[in-house]
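Start at 1 and go down the list; that is how both ligands and their atoms are numbered. Keep in mind that what you see is a predicted model, and the values were worked out from it rather than measured. Because only heavy atoms are used, hydrogens play no part in the values below, and waters and symmetry mates are left out as well, while side chains stay in.
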Amino acid sequence: MASDWWRGGVLYQIYPRSFADSDGDGVGDLPGIAERLDYLEWLGVDGIWLNPIHPSPNVDWGYDVTDYLDVHPELGTLADLDRLVSEAGRRGIRVLLDLVPNHTSDRHPWFRERPDFYVWSDGIPNNWRSVFGGGPAWTLDPARGRYYLHNFAPAQPDLNWWNPEVRAEFDRILRFWLDRGVAGFRIDVAHALVHDEELRDDPVGPDGIRRTYSMLRPETHGILREWRRLADAYEPPRVLLGEAYTLDMREWAGYYGAGADELHLAFAFTLAHAQLEAAEMRRVVAEVEATLPSGAWPCWTGSNHDLGRLASRWCDGDEALARCALLVLLTLRGTPSLYYGDELALENGAVPPERVLDCADPPRDPGRTPMPWTSEDGWNDPWLPLADSARNVEAQRADPGSTLHFARDLIAVRKRLPVLQTGSYGELPAPSGAWAWQRGAEVRVAVNLGSEPVEVENIHGEVVLTTSRRREGGRVEGRLRLAAREGVVVVSSASIAESTSAPHA
Ligand code: NOJ
């Protein structure tokens with residue numbers, strides 16, 4: 001398998017508690033994921049990344065780890081993980097884990113036994129704010145009579161990345177999982193690891209506090225470079241996908257280092273934060289393309305366990321628009337990362353206040369509700385409510401006109417046309433409300449995100465896929481008419497001939 005499978009591949013994010021429950025206790029688990037590998041193979045994804053699977057008191061649902069080298073008993077065992085990795089591997093699906101290196105749980109044994117692994121101060125030394133709640137990022141530990149740093153919840157003390165022993169521990173943690181055959185990591189808050197050693201105040205501007213000193217320190221790049229060397233030394237090389245959360249494009253691009261010596265992939269959150277609107281998205285993508293160092297490869301997503309689901313955020317439930325969004329994510333230059341349920345145009349769930357479990361405000365639970373497998377939902381008293389299963393796998397799989405089939409066909413087209421995986425991106429002229437681009441010389445994509453029909457000029461070739469499923473297999477010679485909320489992929493004849501004679505990847 002190609003060592004850079006992740007460039008052309010499609011990633012699929014699984015929130016393990018909510019994906020599939022093998023033992024009927026209402027909590028999804030690793031054997032449940034393994035049971036659904038047939039589905040993932042049928043859908044055509046190349047890699048899955050799992051939100052944290054480690055033992056955790058779940059103050060922040062797994063992002064507060066008490067043991068980096070084990071599996072949370074509710075989710076399964078190490079043997080279940082090994083089985084998942086090998087069964088997925090047999091289907092050509094790689095498994096990435098979520099690495100949480102910025103902080104542990106305050107119940108991690110290190111917090112008591114290795115105070116030098118954390119960051120302490122006799123008083124509150126600066127204006128750093130906790131991401132959750134917005135209060136001081138420092139809390140008094142009564143046992144020690146000192147304050148510890150927590151950029152997130154008080155139950156998530158920050159690790160002290162100035163301590164070489166912390167670095168050594170994490171090298172061991174990375175190797176532990178990579179040696180087991182894990183394909184890489186999604187790295188939680190990859191921009192946050194190192195804090196300013198002098199504990200200088202974060203600057204406060206008109207838009208509020210900027211985390212210049214509590215996070216985003218230049219020294220973090222050195223850690224990412226080391227991990228890149230470690231990942232690249234494996235055979236096959238492993239992949240590092242970073243949550244480098246900054247909307248400053250230059251800063252974000254910096255997490256790719258010189259292009260090939262830090263993260264392999266970093267989520268382009270600027271697109272996720274944009275409106276699903278042609279002019280805005282086109283501008284964001286042009287900026288990403290212009291800013292990335294050569295060799296760097298973007299990663300696109302519209303949904304995740306923090307942001308919620310694209311079918312709600314971008315599309316207000318409109319399925320035609322959700323298909324346009326999928327078309328965008330899967331045909332730009334870069335790796336798409338789908339969130340479980342995106343392929344169904346699944347919307348955020350309804351979680352009444354008494355069922356809210358998240359520590360953030362507003363709570364993120366609506367974007368974490370269980371995967372609806374059947375019209376009766378397929379769950380037994382799930383940990384988060386599943387109120388609406390109108391959009392479900394069973395019904396959509398039985399309907400060739402469904403969004404699920406559209407998503408599958410889109411992934412298949414991407415696989416069939418290598419230029420859609422690795423070809424260059426070039427913007428094309430398009431009327432207001434629409435956005436058009438080419439991949440390489442032979443593929444054109446046009447999408448009308450507006451509510452009026454439009455015509456895009458100068459498009460020639462065979463229509464291989466449309467969000468409306470109309471006109472597929474037809475030809476367009478010059479003027480492409482797009483209905484409101486419709487997108488198409490058009491391929492020049494030469495490329496079709498090539499792709500049908502070449503073996504399918
Ligand atoms: C980012 C994760 O995606 C989010 O869910 C978590 O709460 C914070 N990092 C803290 O780990």
Which N/O atoms of ligand 1 sit under 3.5 Å from a protein N/O, and at what distances?
residue: ligand 1; atom: 3 (O); partner: Arg186; partner atom: NH2; Å: 3.0
residue: ligand 1; atom: 3 (O); partner: His305; partner atom: NE2; Å: 2.7
residue: ligand 1; atom: 3 (O); partner: Asp306; partner atom: OD2; Å: 2.5
residue: ligand 1; atom: 5 (O); partner: His305; partner atom: NE2; Å: 3.1
residue: ligand 1; atom: 5 (O); partner: Asp306; partner atom: OD1; Å: 2.7
residue: ligand 1; atom: 5 (O); partner: Arg364; partner atom: NH1; Å: 3.2
residue: ligand 1; atom: 7 (O); partner: Asp60; partner atom: OD1; Å: 3.2
residue: ligand 1; atom: 7 (O); partner: Asp60; partner atom: OD2; Å: 2.6
residue: ligand 1; atom: 7 (O); partner: Arg364; partner atom: NH1; Å: 3.0
residue: ligand 1; atom: 9 (N); partner: Asp188; partner atom: OD1; Å: 2.8
residue: ligand 1; atom: 9 (N); partner: Asp188; partner atom: OD2; Å: 3.3
residue: ligand 1; atom: 11 (O); partner: His103; partner atom: NE2; Å: 2.9
residue: ligand 1; atom: 11 (O); partner: Asp188; partner atom: OD2; Å: 2.7

Practice problem: For Ala79, enumerate each residue passing the side-chain contact (heavy atoms from CB on, under 4.5 Å) test, keeping only those at least two apart in sequence or located in another chain. | Solution: Thr77, Arg83
Exercise. Kindly assign one of parallel, tilted or perpendicular to the pair Trp120 and Phe111, based on the angle between their ring planes and the thresholds 30° and 60°.
Key: parallel
Quiz item: Any chance the rings of Phe132 and Phe152 have centres within less than 6.0 Å?
Solution: yes
Quiz item: What residue pairs, at least two apart or across chains, pass ring pair (Phe, Tyr, Trp, His ring centres under 6.0 Å) with a residue in residues 322-347?
Solution: none
Self-check item: Aromatic ring proximity Trp252/Phe269, centre distance under 6.0 Å
Solution: no
Self-check item: For Trp383, ring-ring contact (aromatic ring centres under 6.0 Å, His included) partners two or more places apart
Solution: Trp61
